Amino acid sequence: MTVKLYNTLSRTKEIFKPIRAREVGLYTCGPTVYNYAHIGNLRTYLFEDILKRTLVYNGYTVKHVMNITDVGHLTGDRDMGEDKLEKGAQREGKTAWEIAAYYTRAFQKDIERLNILDPTIWCKATDTIPEQIALIRTLEEKGFTYHTRDGIYFDTARFPDYTRLSHQNLDALQEGARVEKNPEKRNATDFALWKFSPEGVQRQMEWDSPWGVGFPGWHIECSAMSMKYLRDQLDIHCGGTDHIDVHHTNEIAQSEAATGKPFFNFWMHGAFLIIAGGKKMAKSEGNFLTLENAFVNQAIDPLAYRFAAFLTHYRKPMEYSADAIEGARNGLQHLRNQVRTLQEKAGDIAAQGTGNAEFRAKFMTEINDDLNMPRAMAVVQELLKSDLDASVKLATLYDFDNVLGFDLAQVDQEEKLPEDIQRMADERLQARADKNWALSDELRDAIQDRGYLVQDTPQGTKVFKP
RNA sequence: GGCGGCAUAGCCAAGUGGUAAGGCAGCGGCCUGCAAAGCCGUUAUUCGGCGGUUCGAAUCCGCCUGCCGCCUCCA
């Protein structure tokens, strides 16, 4: 089976071929940990999870590196010395280091709740300062840098293929359209590799460097870390679509300028989650929803978001609405109920291996076509509606779940009922035996109010948490 | 201004030349003491608008309308 992936570099779907035969190097841009991730951020990590699981499903081993940006980028060229982490620290009365540690944990909890597989390697920007400095020094030796009063900058005019990824027309760039421009920059697209700590200011995060005390620029960490951990396996680099024009363009420029070799063969970008009115979800827009407040606190299983995300292709903007989430929530619950029903009918599932080969091939065709999850989800429905034996269906579903990540094999693990719920269930059983329907219905309502489902089946009454 | 994207049923959406996937909601039925769950069936003569190319277009071309992203950090 071949995997086709849309490569932003060529703007076409290409047949994926890793540098090594069976092991893929994957780098995914991680969060800046100065606040909670919002569900729009999380959409991108879900896309990357599907990418990784699809590669694994195809028999590849994936060496996955994700960075944690725990040093603040400046909020703008002119905000001398103020960055998001230090600002967050001020806001919350903690140190920048505490802020970073706190939101790193929060992020890791979020991805765990979404069943996103952990990367092979987590790496922190602050742990690779020496590598970043070394990279900047190489660039300096090769003549790609220049000093300004506030830092060391990369001269993009020296890198001929600067717009390879962005396909921008540099003459038409409107520098300073939204922010005051830095008069010392030689070209509008030049960017800082190293920033000096402002005079008279003691930053919480600053390091010595050959150029003076300061902190790394906005893009250098990803170059340094991907080269450090993936070396000669620079296969796929992912991030949000907003990274194409600036962050990834600059990463390519500085990396290739330093090494003289191509940086990553595949660049993949996830589209935004948008909300009513078509606006992106963003911290700066003040419309951001976290997994915590939009799902966990609403008693909605976070996996409903996973389900929802798979109903839209990763390269298309996804409409967020309460109705859409309600639909996904119901869809996931329905799927789990179907699995429960199958489990009751199924015989030896293990004997079925990975299930039905025909459906497996169909499923694989879809995920291998640039991760077409909406179609893969349709294949799941087709399988469910087919007249295959329950054990075969279930084995096939469990196999698909290696990619889907809905924990379908776990739905049968019914937890023990709390004592009072169990007592009500017992009383209701007696009421039914007495044909006291009024009492029976009252008890059913009471149990359901507590979040449990009551089902009277031919095999007896079942009470469980949905 | 440049680059890029979006517009398909009540909602979320797939589909890039061959006559509209799938999910949710709704409706009808089976089952049930009634439900729930499950199952079966059903729901767009039509794809933002107007032209054009073609035997044939949601899909290609032109024009128009509306919306959005990036060009500052941002998934």
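No experiment lies behind these values; they were computed from the predicted model shown. A note on names: the letters A, B, ... follow the listed sequences, proteins ahead of strands, and every chain is numbered from 1.
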Does [N] pair with anything, Watson-Crick or G-U wobble, both distances under 3.5 Å, and if so, with which nucleotide?
N: A14(B); answer: none
N: A20(B); answer: none
N: G1(B); answer: C71(B)
N: C47(B); answer: none
N: U54(B); answer: none
N: G38(B); answer: C30(B)

Once you apply a heavy-atom cut-off of 4.0 Å, does [X] come out as touching a base, just sugar-phosphate, or nothing?
X: A328(A); answer: nothing
X: V380(A); answer: nothing
X: R428(A); answer: base
X: T163(A); answer: nothing
X: G40(A); answer: base
X: L273(A); answer: base
X: P317(A); answer: sugar-phosphate

Whole-Å gap separating [atom2] ([N]) and [atom1] ([X]):
X: E382(A); N: G23(B); atom1: CD; atom2: C1'; value: 14 Å
X: N330(A); N: G22(B); atom1: CG; atom2: C1'; value: 16 Å
X: M373(A); N: G15(B); atom1: CE; atom2: P; value: 13 Å
X: L311(A); N: A25(B); atom1: CG; atom2: C1'; value: 14 Å
X: D369(A); N: G22(B); atom1: CG; atom2: P; value: 18 Å
X: H219(A); N: C70(B); atom1: NE2; atom2: C1'; value: 13 Å
X: Q455(A); N: C31(B); atom1: CD; atom2: P; value: 18 Å
X: H248(A); N: G4(B); atom1: NE2; atom2: C1'; value: 16 Å

For the residue pair [X] and [Y], establish whether any side-chain heavy-atom pair is separated by less than 4.5 Å.
X: Q298(A); Y: I325(A); answer: no
X: C222(A); Y: H243(A); answer: no
X: H219(A); Y: V246(A); answer: yes

Is [X] near enough to [N] that one of its side-chain N or O atoms lies under 4.0 angstrom from OP1 or OP2?
X: N372(A); N: G15(B); value: yes
X: H334(A); N: G38(B); value: yes
X: K385(A); N: G22(B); value: no
X: N337(A); N: G38(B); value: yes
X: R11(A); N: G4(B); value: yes

Go through [options] for me and flag the one nearest to the [X] side chain.
X: K280(A); options: C70(B), C11(B), A13(B); value: C70(B)
X: K316(A); options: C12(B), A14(B), G4(B); value: A14(B)
X: S321(A); options: G33(B), C74(B), C11(B); value: C11(B)
X: T341(A); options: A13(B), G38(B), C74(B); value: G38(B)
X: A324(A); options: C70(B), C34(B), C12(B); value: C12(B)
X: R432(A); options: G15(B), G38(B), G33(B); value: G33(B)
X: R375(A); options: C70(B), A14(B), C24(B); value: A14(B)
X: T312(A); options: G5(B), A21(B), A14(B); value: A14(B)
X: Q381(A); options: C34(B), G5(B), G23(B); value: G23(B)

| query | Is a donor-acceptor pair below 3.5 Å formed from side chain D242(A) to base C73(B), judging by atom type as modelled? | reply | no

On a plain distance test, is the side chain of R444(A) in donor-acceptor contact with the base of C34(B) below 3.5 Å?
yes

Assert: residue with more 5' nearest nucleotide on RNA chain B, out of H313(A) and Q333(A), is H313(A)

Whichever of M377(A) and G30(A) has the more 5' nearest nucleotide on RNA chain B, that residue is M377(A)

In whole Å, what separates the [atom1] atom of [N] from that of [M]?
N: A57(B); M: A20(B); atom1: P; answer: 12 Å
N: G29(B); M: C34(B); atom1: P; answer: 14 Å
N: G23(B); M: G17(B); atom1: P; answer: 25 Å
N: C11(B); M: U43(B); atom1: C1'; answer: 14 Å
N: C47(B); M: U16(B); atom1: C1'; answer: 13 Å
N: A25(B); M: C12(B); atom1: C1'; answer: 11 Å
N: C68(B); M: G28(B); atom1: C1'; answer: 41 Å
N: G5(B); M: U54(B); atom1: P; answer: 28 Å

Please determine, by modelled atom types, if Q430(A) and D426(A) share a side-chain donor-acceptor pair under 3.5 angstrom.
no

Test side chain to side chain donor-acceptor pair (under 3.5 Å), reference T28(A), set H237(A), H64(A), K52(A), output is H64(A)

- [ ] For salt bridge (Lys or Arg N to Asp or Glu O under 4.0 Å), just list the numbers for R306(A) and D407(A), CA-CA rounded to whole Å, side-chain angles, deciding distance to a tenth of an Å, and then say yes or no.
- [x] CA-CA 12 Å; R306(A) 194 177 166 94; D407(A) 277 348; over 6 Å; no

With F107(A) as partner, the option from Y36(A), Y45(A), Y34(A) fulfilling ring pair (Phe, Tyr, Trp, His ring centres under 6.0 Å) is Y45(A)

**Request:** Report yes if the ring of F272(A) lies under 5.5 Å from the six-membered base ring of G69(B) with planes under 30°, and no otherwise.
**Result:** no

Can I367(A) and Y57(A) be said to form a side chain to side chain contact (heavy atoms under 4.5 Å, CB included), step by step? CA-CA 10 Å; I367(A) 60 175; Y57(A) 196 78; 3.8 Å; yes

### Residue pair R315(A), D370(A): steps toward the salt bridge (Lys or Arg N to Asp or Glu O under 4.0 Å) verdict
CA-CA 9 Å; R315(A) 281 195 285 118; D370(A) 194 32; 2.9 Å; yes

- Determine whether the aromatic ring centres of F191(A) and Y153(A) lie less than 6.0 Å apart. no

